[in-house]
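For reference, the structure discussed in these notes is given below.
Letters go in sequence order (proteins before strands), and every chain restarts at 1.
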Amino acid sequence: MQSLPGFRDFFPNECARRNYITGTWRRIARSFGFREYDGPTLEPLDLYRKKNSGGEILGQLFSFTDKGEREVALRPEMTPTVARMLIAKAREYRKPIKWFSIAPFFRYEKQQSGRLREFLQLNCDLVGDDSSAADAEMLALLIETMRAFGLTENDIVVRVSDRRAWMKFLAGKGVTDETKAREVLSVIDKLERDSPEALQAKLAPFGLTLGDLTDFIETARPAFFTALNENLAARGLEGFCQLDLRIVRGLAYYTGLVFEVFDRRQDRRAIAGGGRFDRLLSDLSDGKVDLPAIGFGIGDVVLGDLLADLPDTRAKMEAAMADGQACDVFVVVADESRRNEALGVVQLLRSLGRRVDYPLQSDKVARQFKDADASGASVALVVGNEWPKLKVKDLKARTETDLAQEALADWAANLQTPAP
RNA sequence: GUGGCCGUAGCUCAAUGGCAGAGCCCCGGAUUGUGAUUCCGGUUGUUGCGGGUUCGAGUCCCGUCGGCCACCCCA
């Protein structure tokens, strides 16, 4: 038996890696004053079938009929869920609402590098503020999250665009109907993939040429970007962002700013993406809740691949993974007749918050030191016939010093452990 | 969902249609209180699975499952 295609087993090492990524996500989101929330993994199919998500995501739903004849789907994204939650209790929270979640998502796609059927995503949303300052704050949160893994502006780029700039441009070209404008956006979305001939053919019905679009992309300098850039420059983060009007994103609900994060060196799929959806809450609540919102998601798969590929970020990740699985102290029972005293030492150290391991059965000292080494502990405490004295062995320096039993608690309290 | 490439030990890989191997890892041992390295020994296995061709298939053919890549799309 093996796991289903696109689903992962998390052995301790993979689990440590996952915890490093999700732990870093959580720490940075909290540092921006965001509060954690969560929702159900399984949702009514209708939540996605209504025009909220739109686009390709409908064809990628992991859906089935449950035993109560309900049509259900494993969630493919967080936005519809959080939108429902916001609509239900929007009045209870002071604005702006700043929420994040870390949760698994499911899409029924053929797996490929950077794309699985179950993946984790950090979702951050800021609701109730439609200002450029809110946009900049979200981009800063996105960038800081990347920086927390050791990624620099040489490694990644945030390609920033705005659907309003396109709408204005299209209106100037006579495309005023919103449905038609949206169709043009989906052509722009494929600008980097389709052949020029195919693009021309798709644009002709709208009275547009490929040249119209490429001219706009190359020459337009919309005001929104200047404001964003100034805000980010005040934080020293402007080097991460780049105006790129080719980004429009596939999801139907975006209304303004849209952005995606890419690896600067390699041609891999987007690491993160998001945008502004100022009308979604109103649309879903039939106008009862009318709050502007901006959000983004970061997946763990592409990000994890990138972190493993770059030497600096890999070293940082591996150090965190090692620490996440290590003990602080390994107690060596050098004299089996002192096992009870050793258990007392173990108990004391654990009560002081230290991560402690020791041999469950009588074993040769040489073997115990091998186990001590494998435990990741930086020190071994030897309990033997010199009791009530102990020996402290520094496992890296291979030096040994004496320690009186009464001094054990102070020693443990001052023990240096590697910072997470 | 469509197309291409691939599938041998836990991992990385080798074997002309002719007896299934190496390294790493793991486990045990080298005169019973100190973990590097070393030395000796041990398990590495339904060659993904099921058919077919053949005296004989890891090798050739068909199917199937799984993986990688492209399309698609995006985390």
Side-chain angles (χ1 to χ4, degrees), chain A residues 1-9 11 13 21-22 25 53-61 75-79 102-124 142 145-146 186 189-190 192-195 198 247-251 258-263 267-275 295-306 330 332-338 359 362-387 390-400:
Chain A
M1 286 294 280
Q2 51 184 336
S3 63
L4 290 165
F7 288 75
R8 293 171 285 182
D9 289 326
F11 289 91
N13 215 42
I21 290 174
T22 57
W25 283 348
S53 303
E56 310 289 330
I57 229 168
L58 284 173
Q60 303 169 347
L61 281 175
R75 61 182 170 201
E77 59 160 336
M78 199 54 156
T79 302
I102 294 168
F105 295 92
F106 305 85
R107 292 186 194 172
Y108 198 90
E109 297 182 275
K110 200 175 228 179
Q111 71 163 318
Q112 225 163 90
S113 77
R115 181 171 83 187
L116 298 173
R117 286 180 171 182
E118 181 187 22
F119 55 95
L120 295 168
Q121 217 179 64
L122 165 69
N123 267 268
C124 298
L142 175 60
T145 303
M146 296 296 162
S186 74
D189 193 33
K190 292 172 175 56
E192 292 178 272
R193 298 188 292 269
D194 278 2
S195 70
I247 302 290
V248 293
R249 298 186 57 75
L251 293 171
V258 285
F259 48 89
E260 291 179 356
V261 179
F262 288 92
D263 180 355
D267 183 31
R268 41 163 62 93
R269 62 186 63 242
I271 302 159
F296 65 78
I298 307 177
D300 73 308
V301 183
V302 185
L303 176 64
D305 288 348
L306 174 62
F330 191 95
V332 171
V333 185
D335 182 344
E336 195 54 29
S337 70
R338 294 295 184 186
S362 172
D363 214 340
K364 285 187 294 193
V365 171
R367 172 67 194 209
Q368 292 188 52
F369 272 96
K370 280 186 185 172
D371 290 343
D373 203 36
S375 79
S378 52
V379 290
L381 270 184
V382 182
V383 177
N385 57 21
E386 56 280 273
W387 184 265
L390 299 128
K391 284 186 173 172
V392 180
K393 176 125 186 187
D394 183 319
L395 289 166
K396 285 196 180 65
R398 293 169 180 264
T399 55
E400 201 169 64

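Judged as a salt bridge (charged side-chain N to carboxylate O under 4.0 Å, His left out), and not counting sequence neighbours, the contacts of E109(A) are R115(A). Applying the salt bridge (charged side-chain N to carboxylate O under 4.0 Å, His left out) criterion to R117(A), with sequence neighbours excluded, gives no partner residue. For R249(A), the salt bridge (charged side-chain N to carboxylate O under 4.0 Å, His left out) partners at least two apart in sequence or on another chain are E260(A). Scored by the side chain to side chain contact (heavy atoms under 4.5 Å, CB included) test, D305(A) finds R17(A), R268(A), V301(A) as partners (sequence neighbours excluded). The side-chain hydrogen bond (donor to acceptor under 3.5 Å, both in side chains) test applied to E336(A) returns R339(A), not counting sequence neighbours. Here R75(A) pairs with D38(A) under the salt bridge (charged side-chain N to carboxylate O under 4.0 Å, His left out) rule; sequence neighbours left out. A search for side-chain hydrogen bond (donor to acceptor under 3.5 Å, both in side chains) contacts involving D189(A) returns nothing, not counting sequence neighbours. Remark: R367(A) pairs with no residue by the side-chain hydrogen bond (donor to acceptor under 3.5 Å, both in side chains) rule, at least two apart or across chains.
Atom-to-atom, CG of L116(A) to C1' of rC68(B) comes out at 13 Å; the value is rounded to the nearest Å. Following rounding to the nearest Å, D305(A) (CG) and rC74(B) (C1') show an atom-to-atom distance of 14 Å.
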Can you name the atoms? Protein N/O to nucleotides 6-12 of chain B N/O, anything below 3.5 Å, with the distance.
none

N/O-N/O pairs, protein side and nucleotides 35-43 of chain B side, under 3.5 Å:
| from | atom 1 | to | atom 2 | distance (Å) |
| --- | --- | --- | --- | --- |
| rG35(B) | O6 | L395(A) | O | 3.4 |
| rG35(B) | N1 | L395(A) | O | 2.3 |
| rG35(B) | N2 | D373(A) | OD1 | 2.5 |
| rG35(B) | N2 | L395(A) | O | 2.8 |
| rA36(B) | O4' | R398(A) | NH2 | 3.3 |

Taking only nitrogen or oxygen atoms into account, show me every contact under 3.5 Å that the protein makes with nucleotides 25-29 of chain B, one pair per line with its distance.
| from | atom 1 | to | atom 2 | distance (Å) |
| --- | --- | --- | --- | --- |
| rG28(B) | OP2 | R367(A) | NH1 | 2.7 |

Tell me, what's RNA chain B's dot-bracket, Watson-Crick or G-U with both distances under 3.5 Å, | for other-strand, [ ] crossing? (((((((..((((....[..)))).(((((.......))))).....(((((..]....))))))))))))....

